[in-house]
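All values below were derived from every heavy atom in this structure, side-chain atoms included, with hydrogens, water molecules and symmetry-related copies excluded. Note that this is a predicted model, so its numbers are computed, not measured. Chain naming here is simple, since letters A, B, ... match the order of the sequence lines and numbering starts at 1 in each.
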2 protein chains.
Amino acid sequence: MANIHDVARVAGVSISTVSYALSGKRPIGEKTRLRIDQAVRELDYMPNAAGRMLAGTRTRIFALTAPLRSDTSTPAHMAFVLAVATAARKYDYDVLLLTEDEATDGLRRVSSSRLVDGIIVLDVSLNDERADLVRSLGVPAALIGVPGNAEGLVCVDLDFEAAAALAVDRLVDAGHTSLALLGHPQAVYERGSNFPMRFRDGFLRRASERGVPARFSMVENDAPQVREALFGVLDADPAPTGLVVHAEEGVHKAILEAVAGRGLSIPGDLSVIAGVPTFDTSTFTPPLDVIPLVPADSCTRAVELAVQQLDATVEPRVELVAPKYRDHGSVAAPRRRL
Amino acid sequence: MANIHDVARVAGVSISTVSYALSGKRPIGEKTRLRIDQAVRELDYMPNAAGRMLAGTRTRIFALTAPLRSDTSTPAHMAFVLAVATAARKYDYDVLLLTEDEATDGLRRVSSSRLVDGIIVLDVSLNDERADLVRSLGVPAALIGVPGNAEGLVCVDLDFEAAAALAVDRLVDAGHTSLALLGHPQAVYERGSNFPMRFRDGFLRRASERGVPARFSMVENDAPQVREALFGVLDADPAPTGLVVHAEEGVHKAILEAVAGRGLSIPGDLSVIAGVPTFDTSTFTPPLDVIPLVPADSCTRAVELAVQQLDATVEPRVELVAPKYRDHGSVAAPRRRL
DNA sequence: CGCGTCTATCGAAACGTTTCGACTACGGGC
DNA sequence: GCCCGTAGTCGAAACGTTTCGATAGACGCG
């Protein structure tokens, strides 16, 4: 495998000239550069990563810590991992994957051995020990999600409260006077991530601000229980005519089936909005209006912030990404009460 | 950040002594080692990864290439990624994640810059360009899955044909005389991975060997269509009393619902076996007998084989992992024909 | 007492870059 | 004619390890 000395010899220059020609950090004569380019191609030269890391002060690697356990990993997790990896490549960074059982030890290891230049933290929970660790390590880092104590940290996340509020506004603006939110299974609210709560709180607060009665119900991820929960909600008084769903893909499908099974039409009898899913609701029958959670949005920004920390100090902050509404025709004015 | 020179100075020895003390590659005097250990703790020393890579000939990093696109990533993919990362750590290896759109370029990049010691290839498809690339790179590698042309490659995979045959045997041994397989959506068989076909072929072949009529039907991932496909199969003549399902989790659930909805009991009216899922079927209602696909099995072995290639030549091979059957009571003798 | 054989340790080279400082040659401004 | 700045190039140091070969002392043995 060719190294920089080989290239220098073939091109008839010194190695520093080769280095500068490749990095462009100093001007190089036209024909010299051509000879060097030629030699590089001829030898199929590619700089050795270890040499580079050692001499430069960058490894061009980020650690990505995702609390992945095979039992709790949804397709959404994967989408985030993917989005981080893709965003990192845009800055010529690679991604080293750390798993759940290595969460803190792994972070400690790769950062104090200087294997990585920074850390991206995924799926941050309210009481996340990785948040404290990152703070104490003092390494460039960006969290995707907001921990209980975000002091001194750089965090990025979708504005879940605003997303829920946006859903409420849409429904109320369309004329609905009674709303409901079907949420994740109870376990999700108890352990871990705080975004389901933020969505729920945003929903209830805005409904109250708008003076509209609203109920919230948690739903297990299982078709019969979905149906039961849905019917329970729809039979309330006053019966909700606007529904927001914040749940897994399977639950959405089960809800649509149950709605159809009950002889209700969307949006004729019931207006429905899907809240912050990572999957595509436009292929559902019927397609659902949606306020999507786009992993690429938060992840790109997080990587960007991590990169900035490499040669400048970045003020700690919580950046909330504004939600967007996508209309697919599942919201309409409520049918007149008889 | 302390380096090996600092440790040497504090311990009052030379750096080579420190290195040998830490690696254990040469004998070190008792009290010298104690002084070194003490210095290491005192300074919180951790060897610099880049220096190590450069001097040693190992980077202690594997590349993991997974053809992940956010649109096609199932929880199963994640389970494999996870299993590889976990297995790698057992050998003190870290995992660098390469994504779909970087598949070949990324592999080329990380291997010719010597950033990784080897490559683990996930979710190999029949006509996988990564297989050819790995062959031509001549880098230690292990594929999980079997490409069309496996020549010169080290591959590991579950023995899907044997798994299907095992399912057939169980049902036939229990007395069933007509079987059916509900498989993945058609698209899965057309594009990509070959394991669904291998499972299907194993099923049909063993059924034919056992002289039992068997039908195969592809099922879209959508509850109404699942029901339709199921009923279509059950209404065949002779009506199958033994059913094998090779599909996503949601499809399994939809099938169980549809079976119940039709007033059929498991295993009273219908015996059901789940074929090579990565999810847990013991919590279904009713729990299903299963021949599980355990990501950790193949992944651990693949990592092991990659590690072996680092300092020995490993003969190219396709290693098929033997399937195991787990009984949860969803198979019984068929009810007597009236 | 001299020799070989250990054990424990050291010094120095090597890994492959990047980057700093120095040098030459050249052109322009005064 | 001198001074300065700039383009283009080179040599050497530095990054932090691992590992080879050498050396010094201890020990047993003839």
Could you pull out all residues at least two apart from [X] that satisfy side chain to side chain donor-acceptor pair (under 3.5 Å)?
{"X": "A:T57", "result": "none"}
{"X": "B:S16", "result": "B:S14"}
{"X": "B:E319", "result": "B:R301, B:R317"}
{"X": "B:S298", "result": "none"}

Rounded distance (Å) that lies between atom [atom2] of [N] and atom [atom1] of [X]:
{"X": "A:R60", "N": "C:dT17", "atom1": "CZ", "atom2": "P", "result": "16 Å"}
{"X": "A:R52", "N": "D:dT17", "atom1": "CZ", "atom2": "C1'", "result": "20 Å"}
{"X": "A:L22", "N": "D:dT9", "atom1": "CG", "atom2": "P", "result": "14 Å"}
{"X": "B:R33", "N": "C:dA8", "atom1": "CZ", "atom2": "C1'", "result": "11 Å"}
{"X": "A:R9", "N": "D:dC10", "atom1": "CZ", "atom2": "P", "result": "15 Å"}
{"X": "A:K31", "N": "D:dG8", "atom1": "NZ", "atom2": "C1'", "result": "10 Å"}
{"X": "B:D6", "N": "D:dT17", "atom1": "CG", "atom2": "P", "result": "9 Å"}
{"X": "A:L54", "N": "D:dC15", "atom1": "CG", "atom2": "P", "result": "9 Å"}

Scan the side chains in residues 39-48 of chain B for donor-acceptor partners under 3.5 Å anywhere in the protein, sequence neighbours excluded, and list what turns up.
residue, atom, partner, partner atom, Å
B:R41, NH2, B:Q38, OE1, 3.4
B:E42, OE1, B:Q38, NE2, 3.2
B:N48, OD1, B:A50, N, 2.8
B:N48, OD1, B:G51, N, 2.9

Salt bridge (charged side-chain N to carboxylate O under 4.0 Å, His left out) partners of [range], not counting sequence neighbours, each pair once:
{"range": "residues 4-23 of chain A", "result": "A:D6-A:R9"}
{"range": "residues 114-129 of chain A", "result": "A:D128-A:R130"}
{"range": "residues 131-152 of chain B", "result": "B:D132-B:R135"}
{"range": "residues 27-36 of chain A", "result": "A:E30-A:R33"}

With the threshold set at 4.0 Å, does a side-chain nitrogen-carboxylate oxygen contact exist between B:R109 and A:D94?
yes
Sub-4.5 Å side-chain heavy-atom contact between B:V121 and B:V124:
yes
Could you give the angle between the helix axes at the two ends of the helix from C:dC1-D:dG30 to C:dC30-D:dG1, with five pairs per end, rounded to 10 degrees?
50°
Between protein and nucleotides 19-23 of chain D, what N or O pairs are separated by less than 3.5 Å?
residue, atom, partner, partner atom, Å
D:dT19, OP2, B:K25, NZ, 2.9
D:dC20, N4, B:Y20, OH, 2.8
D:dG21, N7, B:R26, NH2, 3.3
D:dG21, O6, B:R26, NH1, 2.3
D:dG21, O6, B:R26, NH2, 3.3

At under 4.0 Å, does any side-chain N or O of B:T32 touch on OP1 or OP2 of C:dA8?
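No, B:T32 has no side-chain N/O under 4.0 Å of OP1/OP2 on C:dA8.
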I want to check one thing: is the phosphate of D:dT17, taken as OP1 and OP2, less than 4.0 Å away from some side-chain N or O of B:N48?
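B:N48 to D:dT17 OP1/OP2: no side-chain N or O under 4.0 Å.
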Counting any heavy atom closer than 4.0 Å, what does A:P27 reach on the DNA or RNA strands: base, sugar-phosphate only, or nothing?
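Base contact - A:P27 has a heavy atom under 4.0 Å of at least one base atom.
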Go through residues 34-46 of chain B and report each residue with a non-hydrogen atom lying under 4.0 Å from DNA chain C, sorted by number.
none
